[in-house]
Amino acid sequence: MSPQEPADEAGAASPKDRFVTVYGRKPVLEALADPALQVDKVVLAEGVNGDAPRAIIDAARRRGIEVRRASAQRVKVLAGNGRQDQGVVADVVAPGMRTVERFTASLGPDDGARVLVLDGLTNPANVGMILRSATAAGLSGVLLPRRGVPSIDPLVVKASAGVAFHAPVLRAGTAAAGLAALAEAGFVLLGLDGAGRSSLFSVELPERVAIVVGGETDGLTEEVRGELHDTVVVPMAGGVESLNAACAATLACFELARR
């Protein structure tokens with residue numbers, strides 16, 4: 001992690017709170033070809049040439065987008081994925097992304113808000129599907145921490161069918177830090193848990209509420225449990241013990257919307 005991280009956790013925005021970094025030749029070309037996406041810049045690894053890189057350069061120039069050259073190692077660092085970057089990354093502006101502190105500061109004294117929080121998920125496909133569901137349900141935000149959950153990368157974007165670029169993503173260093181900021185702003189924090197004390201469908205929901213979805217295997221982390229006001233359960237029949245994390249999150253999103 002960079003030396004900037006403590007400031008980030010205090011609420012200062014970092015580049016990761018403004019852009020979705022796309023890597024790989026095809027995803028970058030697709031982003032450049034989509035007029036609905038604002039691409040800030042493209043970075044190509046030094047020595048990367050051929051038809052595909054030339055097509056990327058030409059597409060960027062047609063839109064007046066800066067193309068920089070950097071070392072192959074720097075591109076790997078920017079991509080965060082050294083095996084699949086193919087020597088190119090692009091920063092796509094994410095208009096719905098902001099820090100959780102900026103989000104809470106934007107709320108008026110009487111404003112209600114519904115937030116979904118992701119804690120310890122590991123599958124990018126689940127993260128993408130959850131972002132799509134939360135956006136479709138009209139939630140105020142999805143807290144996607146910088147640590148402990150996959151970043152918004154091409155796998156997440158693909159699973160979201162492109163919605164991840166525009167989703168109302170809230171950023172914090174960790175899920176626990178984000179929950180603490182929400183609690184300070186008057187949010188009641190509820191965790192989805194198989195041993196929850198109340199049903200998701202009957203529990204009283206205040207005007208400001210955040211529901212936390214835990215990881216696919218281990219559920220809610222202990223750090224996050226320490227921040228919660230209560231836990232809720234999705235009641236199930238037929239001896240079924242649990243749902244896929246994306247399914248459970250989708251149920252929570254639309255229950256929040258229904259209420």
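What you see below is based on every heavy atom in this structure, not just the backbone, and it leaves out hydrogens, waters and symmetry mates. Since the structure is predicted, the reported quantities are computational estimates derived from the model, not experimental observations.
- In this structure, the separation between CG on Asn126 and CG on Leu131 is 11.0 Å, given to the nearest 0.5 Å.
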Let me see the working for Leu118 and Leu144 under side chain to side chain contact (heavy atoms under 4.5 Å, CB included), right down to the final yes or no.
CA-CA 6 Å; Leu118 307 190; Leu144 188 68; 3.7 Å; yes

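- In the hydrophobic clustering, Val115 connects to Val100, Phe103, Leu107, Val117, Leu143, Leu170, Leu179, Leu182, Phe187, Leu189, Val212, Leu220, Val224, Leu228, either directly or through intervening members, whenever side-chain heavy atoms lie under 4.5 Å apart.
- No donor-acceptor pair closer than 3.5 Å links the side chain of Arg18 to the backbone N or O of Val93.
- Applying the 4.5 Å side-chain rule to ILVMFWY residues, one finds Val43, Val75, Leu78, Val89 in the same cluster as Tyr23.
- Between Arg69 and Ala45, the closest heavy-atom pair is NH1-O, 2.7 Å.
- Counting only distance, with no hydrogens or angles, the side chain of Glu101 and the backbone of Ala181 share no donor-acceptor pair below 3.5 Å.
- Taking both residues in full, the closest heavy atoms of Val20 and Ala94 are given as CG2-CB, 3.9 Å, listed atom of the first, atom of the second, then distance.
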Walk me through it: do Asp111 and Arg208 pass the test side chain to side chain contact (heavy atoms under 4.5 Å, CB included)?
CA-CA 8 Å; Asp111 289 345; Arg208 294 187 181 183; 4.3 Å; yes

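- Taking CZ of Arg63 as the start and CG of Leu32 as the end, the distance is 6.5 Å to the nearest 0.5 Å.
- Of all the heavy atoms in Met236 and Leu243, the pair that sits closest is SD-CG, 3.6 Å.
- Of all heavy-atom pairs between Thr21 and Ala79, the closest is CG2-CA, 4.5 Å.
- One distance of note links CD1 of Ile56 with NZ of Lys26; it measures 13.0 Å at 0.5 Å rounding.
- Counting heavy-atom neighbours within 6.0 Å of Asp218 CG, excluding the residue itself, gives a total of 12 or less.
- Counting heavy atoms from C-beta outward, Gln84 and Pro154 have side chains that stay 4.5 Å or more apart.
- By the 4.5 Å heavy-atom criterion applied to side chains, Ile152 and Met97 are counted as neighbours.
- Taken together through direct or relayed side-chain contacts under 4.5 Å among Ile, Leu, Val, Met, Phe, Trp and Tyr, Leu251 and Val209 form part of one hydrophobic cluster.
- Across all their heavy atoms, Val213 and Ala249 have their closest contact at CG2-CB, 3.8 Å.
- Just one of Thr231, Asp193, Asp119 meets the side chain to side chain donor-acceptor pair (under 3.5 Å) condition when paired with Arg225; it is Asp193.
- The number of heavy atoms from other shown groups lying within 6.0 Å of CD (Glu184) does not exceed 12.
- Residue Arg197 qualifies as open at atom CZ: its count of foreign heavy atoms under 6.0 Å is 12 or below.
- No side-chain heavy atom of Val92 sits less than 4.5 Å from a side-chain heavy atom of Val157.
- Under the 4.5 Å side-chain heavy-atom criterion for grouping Ile, Leu, Val, Met, Phe, Trp and Tyr, Val169 is not connected to Met129 through any hydrophobic cluster.
- Between the side chain of Arg259 and the backbone N or O of Phe201, at least one donor-acceptor pair lies under 3.5 Å.
- Atom NZ of Lys41 sits in a crowded spot, with more than 12 heavy atoms from other residues, nucleotides or ligands closer than 6.0 Å.
- Separation of atoms CG (Leu116) and OG (Ser140) is listed at 11.0 Å; rounding is to 0.5 Å.
- The environment of CD in Gln38 is sparse: at most 12 heavy-atom neighbours from other residues, nucleotides or ligands sit within 6.0 Å.
- Atoms CZ and OG1, on Arg146 and Thr99 in that order, are 8.0 Å from each other to the nearest 0.5 Å.
- Here the CG-CD distance, from Asp230 to Glu204, works out to 11.5 Å after rounding to the nearest 0.5 Å.
- In terms of heavy-atom proximity, Arg114 sits nearest to Pro206 at NH1-O, 2.9 Å.
- Put simply, the side chain of Pro53 does not reach to within 4.5 Å of the side chain of Val88, judged on heavy atoms.
- Between His166 and Thr135, every side-chain heavy-atom pair lies at or beyond the 4.5 Å cut-off.
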